[in-house]
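Scroll down for the structure; my scribbles are underneath it.
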Amino acid sequence: MRGGVVAGHGGAAPGASEATAAATAAAAGGVRSGREALGRVDITWCQEWDLKAPAPEEQRLLESSEVPTFEPFVLFASASRHNFQFGDQNVQMADNSFSDGVPSDALEATKNASNAEKLTDQVMQNPQVLAALQERLDNVSHTPSSYIETLPKAVKRRINALKQLQVRCAHIEAKFYEEVHDLERKYAALYQPLFDKRREFITGDVEPTDAESEWHSENEEEDKLAGDVKNKVVIAEKEAATAEEPNPKGIPEFWFTIFRNVDMLSELVQEYDEPILKHLQDIKVKFSDPGQPMSFVLEFHFEPNDYFTNSVLTKTYKMKSEPDQADPFSFEGPEIVDCDGCAIDWKKGKNVTVKTIKKKQKHKGRGTVRTITKQVPNDSFFNFFSPLKASGDGESLDEDSEFTLASDFEIGHFFRERIVPRAVLYFTGEAIEDDDNFEEGEEGEEEELEGDEEGEDEDDADINPKV
C-alpha cells in the first residue's frame with residue numbers, strides 16, 4: 001500500500017489495513033506464540049495479497065511454540081519469492097524461508113523458524129518501517145467500549161465499583177433537587193405578594209403611586225435633554241391632550257398580548273380563542289405541599305365572560321426526582337412525568353374545542369337520505385386543559401402522542417420558569433429580545449468554529465425566513 005505500511009508487486013495490498021489491525025489486536029492482547037496469533041488473524045488476506053498460503057508443515061510450525069515472541073511481521077514469512085516495499089525501501093524475502101514442499105525433518109523446520117525470526121528482526125530494525133507502522137497504528141480508531149473490553153477482569157471489577165458509587169451519587173442528587181423544590185415553595189410565598197400587586201395593577205383595581213410608576217430608562221439622559229428643550233411645548237400639548245386621551249382601566253389584554261408575543265404560545269391560539277383569552281386576568285404557579293409528591297399547578301384566572309362559568313382553569317404537572325432503576329445514569333434532575341387538566345363548563349354553543357359538522361346518510365333499503373349533525377374535535381388553545389395521559393400500564397404511546405405529550409410538558413415548564421416570573425418583560429417584548437440575542441450569540445460561536453459552512457446556513461435562513 002503506497003504511502004502506508006506495506007505494498008507488494010508494485011500495487012496496493014488490499015488486506016494491509018486488516019492485517020495491521022489484526023497484528024495490533026494480537027500484540028495488544030499479549031500474543032506470545034505463532035499459534036495464538038494465527039487464531040486471531042484471518043489467513044484469507046494472504047490470498048488477497050497474492051501470497052502463498054501456509055503449507056501443512058508451516059501451519060504446524062506457526063501453531064507450535066517454536067516461533068518466538070510475536071511481532072507483527074512474523075506472519076509475513078510465508079510469502080516466499082516476493083518483494084515488499086516499506087516507504088522507499090525494498091526488502092527481498094528469502095526464497096528459503098519455507099520450502100515449497102513438505103520439509104523432510106524437524107531440522108529444516110527449525111531452520112525455517114530461524115529464518116523467519118531473522119527476517120522479522122531485519123524488518124523491525126528499519127526506522128522507516130517502524131515510523132510507517134506507528135503512523136498506521138495511531139490512526140486506528142478505538143471506541144470507549146472497545147477499549148473497556150480489552151481491560152483485565154480485575155480492572156473491570158474496579159470499574160463496576162465506580163458505577164456503584166455513581167448510582168449512589170445520583171440518589172444524593174435526587175435528594176438535592178427535592179430540597180431545591182422545598183426552597184422554590186418557600187420563595188414562591190415571598191414572591192406572591194408582589195404578584196398579587198401585579199394583578200391589581202393589570203386589572204386596574206389599584207392605581208400605582210408616582211413612586212411606584214417611576215422608571216429610569218437606558219436613554220434617560222437623552223430624554224432629559226430633549227425634555228428640557230421641549231418642556232414648554234410639551235406641557236401645553238399635555239394639557240390639551242389630557243382631556244381627549246382615553247384612560248382605560250389597568251393594562252388591557254395584558255396576558256393575551258404575552259400569548260401573541262411568544263411563538264410557543266401563539267402557535268396554539270386560534271382566532272376564535274382570542275376573545276376568550278382577552279378575559280384572562282392572571283396566571284399563578286402553586287407548588288405541592290411539604291410531604292406530598294413533587295408537582296406544580298398552573299392556575300389561569302378569568303374574569304366573568306360569555307364562554308364558560310369557571311373562574312379558574314387549572315393544569316397540574318406531576319414530577320419525579322429519582323433515578324430510574326433501569327437506567328440510573330440518565331438522571332439529570334426532576335422531570336415532568338404526567339399531567340392532569342380540568343373540566344371546562346362551557347356555556348351553550350360556546351365550546352371552541354369542538355365543532356359541529358353535518359353529514360348525509362342514505363338508507364340502504366329505502367334509499368332515503370337524511371342529514372345528521374356530529375361534533376368532532378377542534379384545534380384550540382383550550383385543549384391544553386384536556387391533555388393526553390402518560391401511559392402508566394407499561395404500554396407505549398405512538399410517536400405522535402409522545403411528541404404531543406412532550407410539547408405539553410415543555411409548555412408547562414415554560415409557564416412556570418419564564419412566563420409567570422417575568423410576565424411584564426414578555427408583555428413588552430424585552431424578554432423575547434434577550435432570548436433572541438442569546439440564540440444569536442450561540443450561532444456566532446458556531447460561525448467562528450465552522451467558518452464558511454455556518455455562513456451558508458445564515459444565507460439560507462435569510463432566503464427562508466421563519467413565518
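Since the structure is predicted, the reported quantities are computational estimates derived from the model, not experimental observations.
- Counted within 6.0 Å of NZ on K355, heavy atoms from surrounding residues, nucleotides or ligands total 12 or fewer; the atom is thus considered open.
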Please determine whether salt bridge (Lys or Arg N to Asp or Glu O under 4.0 Å) holds for the pair D182 and R185, giving the CA-CA distance in whole Å, both sets of side-chain angles, and the decisive distance to 0.1 Å. CA-CA 5 Å; D182 292 337; R185 184 190 303 109; 2.9 Å; yes
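- Under the rule for a salt bridge (charged side-chain N to carboxylate O under 4.0 Å, His left out), the partners of D338 that lie at least two apart in sequence or sit in another chain are K389.
- Of all non-hydrogen atoms in K347 and N305, the two that sit nearest each other are NZ-O, 2.7 Å.
- Contact of the E212 side chain with the F201 side chain is registered, since non-hydrogen atoms from C-beta on lie closer than 4.5 Å.
- A side-chain donor from one of D273 and S380 sits under 3.5 Å from a side-chain acceptor of the other.
- Listed by first and then second residue, the ring pair (Phe, Tyr, Trp, His ring centres under 6.0 Å) pairs involving residues 309-344 are F296-Y317 (not counting sequence neighbours).
- For the pair T203/E303, no side-chain contact is recorded, criterion being any heavy-atom separation below 4.5 Å from C-beta on.
- Closest of all the heavy-atom pairs between C342 and T314 is SG-N, 3.4 Å.
- Using cut-offs of 30° and 60° for the angle between ring planes, the F382 and F302 rings count as tilted.
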Trace of the side-chain contact (heavy atoms from CB on, under 4.5 Å) decision for L151 with I148: CA-CA 5 Å; L151 296 176; I148 297 300; 3.8 Å; yes
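- Under the 30°/60° scheme for interplanar angles, the aromatic rings of F385 and F381 are found to stand perpendicular.
- The side-chain hydrogen bond (donor to acceptor under 3.5 Å, both in side chains) analysis of residues 172-181, with sequence neighbours excluded, yields the pairs H181-S288.
- Ring-plane geometry between Y307 and H279 is classed as tilted, the angle between the planes lying from 30 to 60 degrees on a 0 to 90 degree scale.
- Counting only heavy atoms from C-beta outward, the side chains of L313 and I344 approach each other to under 4.5 Å.
- Salt-bridge annotation for R199 and D205: absent, with no side-chain N of the basic residue lying under 4.0 Å from a carboxylate O of the acidic one.
- Contact record, R416 with V285: CA-CG2, 4.0 Å, taken as the closest heavy-atom pair.
- Of all heavy-atom pairs between H301 and L280, the closest is O-CD1, 3.3 Å.
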